[in-house]
Protein chains: 2
Amino acid sequence: MAKNVTARGSKRRPGVPIELVPVTGLPEICEGNDLARLIVEAARNARIAFHNGDILVIAQKVVSKAEGRLVRLSAIEPSPPASQIAAKGRRDPRLVEIILRESRRIVREHPVLIVETHHGFVCANAGVDHSNVPGEDVVTLLPCDPDGSARRLAAGIRKLTKKRVAVIISDTFGRPWRLGLTNVAIGAVGVPVLQDLRGTPDRHSKLLQATILAVADELAAAAGLVMGKTEGIPVVVIRGYRYHPTDERATNIIRPADEDLFR
Amino acid sequence: MAKNVTARGSKRRPGVPIELVPVTGLPEICEGNDLARLIVEAARNARIAFHNGDILVIAQKVVSKAEGRLVRLSAIEPSPPASQIAAKGRRDPRLVEIILRESRRIVREHPVLIVETHHGFVCANAGVDHSNVPGEDVVTLLPCDPDGSARRLAAGIRKLTKKRVAVIISDTFGRPWRLGLTNVAIGAVGVPVLQDLRGTPDRHSKLLQATILAVADELAAAAGLVMGKTEGIPVVVIRGYRYHPTDERATNIIRPADEDLFR
């Protein structure tokens, strides 16, 4: 596990609040839009000035739209395997076909189609989604390389503002043992992803034994409180969280196959 | 699933930041301490005045200590099953004995001992933990009834401050497909636990289909950013998150047996 983890990636000064600031007023995003520029403009209009060290959590949906990761269902010819799976679950075979194309393994077919995506994420429907997309016929796919998307967006924002911000690309995933979705990190740059506290002393000077915190997922979840699902707030600034910048990729958070509890 | 879910449990006013405020200066908590009073006093010393609607996220560890949910390993006689499991994993048989007593089912023995607790939570070691406890020989157990603990703490704080706050009791749990721990809700009062958005319109007036947000877990995760693990900040105030108070219990978030993806 050690290879995936940055030791003591972050440290907070106690007593200082963390703020979760919504970036409102972003327009509907279309393929080819310069998302970094639109975010900077929306922030300016909302009187939010970016600071070095700010963490921007950006919903996958707007990243996918800007990158043209949209598919029209009517353009899809379902394969026989997709049609079979669709028939068993009363699903749209074209949607299942898209999900299979985005996947390298089916984890489970019922009650929801859970797959491992080409990135390695285990999630429902490979992240293929109908919601917050204009038109009944169009679905969004996850970005091809969400860590790369995060890097490009951070670089674009830096060019426009001269500020060094960290970026997390987030999506809402379900969990096997707990109901409901939580916002998690699928792409990241600049921010600790996993914070390894093993070997650091606790309050009583005992060394912590099994504590690796999924910091990027907690940052994404915090932003999820601000984003909601229906309110059109796809960008949240997290301010006041102290950390050491890292080069970790969000894909580091994927549990390696040999440690997967259910493979 | 519907029985577990409060429809549209919360609603945020867009554009307003959420603040995560650490309550510093809490003393080491001992069995029998009036935790509500100690939290109110620490907040006063830190110049934090509670407001109606504030959400207090309280780490399980201090609740367990106040409730006397501590066990001395040297007082434990391991049973034969505990000794067998311990021998296979090179674990302390007394610790395994305590974990088994806190569990109603073993989900997995390797690489970590994952169980279903008597509450129904699926987690490593039944939440039994060495860290941030004085003495090498003592471990903490989860509260017997974390929802009840949350209710009592909210009532105690209301009596002392005349303010109606929501309370979440949190602990850090692992996940099968993703590395690292995140802070989750194991007890709650007053706050939405699952927010059901199914049937509400998205930005494009399409009805959301499969969106139930695990709000209490996202609130706990946000607080986890402030708590850290080594810094002695077991209480965080979340301010600015708008919601309708509910009677939901955090145990509602446990996936029912017939929907569990791996039972």
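Chain letters run A, B, ... following the sequence lines, proteins first and then strands; every chain starts at 1.
- Counting heavy-atom pairs closer than 4.5 Å to chain A, the top-ranked of the candidates B/V133, B/T182, B/I48, B/N183 is B/V133.
- Rounding to the nearest 0.5 Å places CD of A/E19 at 12.0 Å from CZ of B/R239.
- Side-chain atoms of A/W177 and B/I114, non-hydrogen and from C-beta on, do get closer than 4.5 Å to each other.
- Looking only at side-chain heavy atoms (C-beta outward), B/L179 and A/P256 come within less than 4.5 Å of each other.
- Among the candidates B/C123, B/A221, B/A222, B/G224, the residue making the largest number of heavy-atom pairs closer than 4.5 Å to chain A is B/A221.
- Annotation: the span from A/I253 atom CD1 to B/R175 atom CZ amounts to 5.0 Å, rounded to 0.5 Å.
- A/R178 contributes no side-chain N or O that, together with a main-chain N or O of B/R255, makes up a donor-acceptor pair within less than 3.5 Å.
- Within the 4.5 angstrom heavy-atom criterion, no atom of A/V236 approaches chain B.
- Annotation: maximal heavy-atom pairing with chain A below 4.5 Å, among B/V237, B/V184, B/D217, occurs at B/D217.
- Applying the 6.0 Å contact sphere to CZ of B/R104 captures more than 12 heavy atoms from other residues, nucleotides or ligands.
- Here CG of B/L225 is found 15.0 Å from CZ of A/R242. Values are rounded to the nearest 0.5 Å.
- Ranking B/L219, B/V21, B/N125 against chain A, the residue ahead of the rest is B/L219, based on heavy-atom pairs under 4.5 Å.
- Atom OG1 of residue A/T211 and atom CG of residue B/D129 lie 7.0 Å apart, to the nearest 0.5 angstrom.
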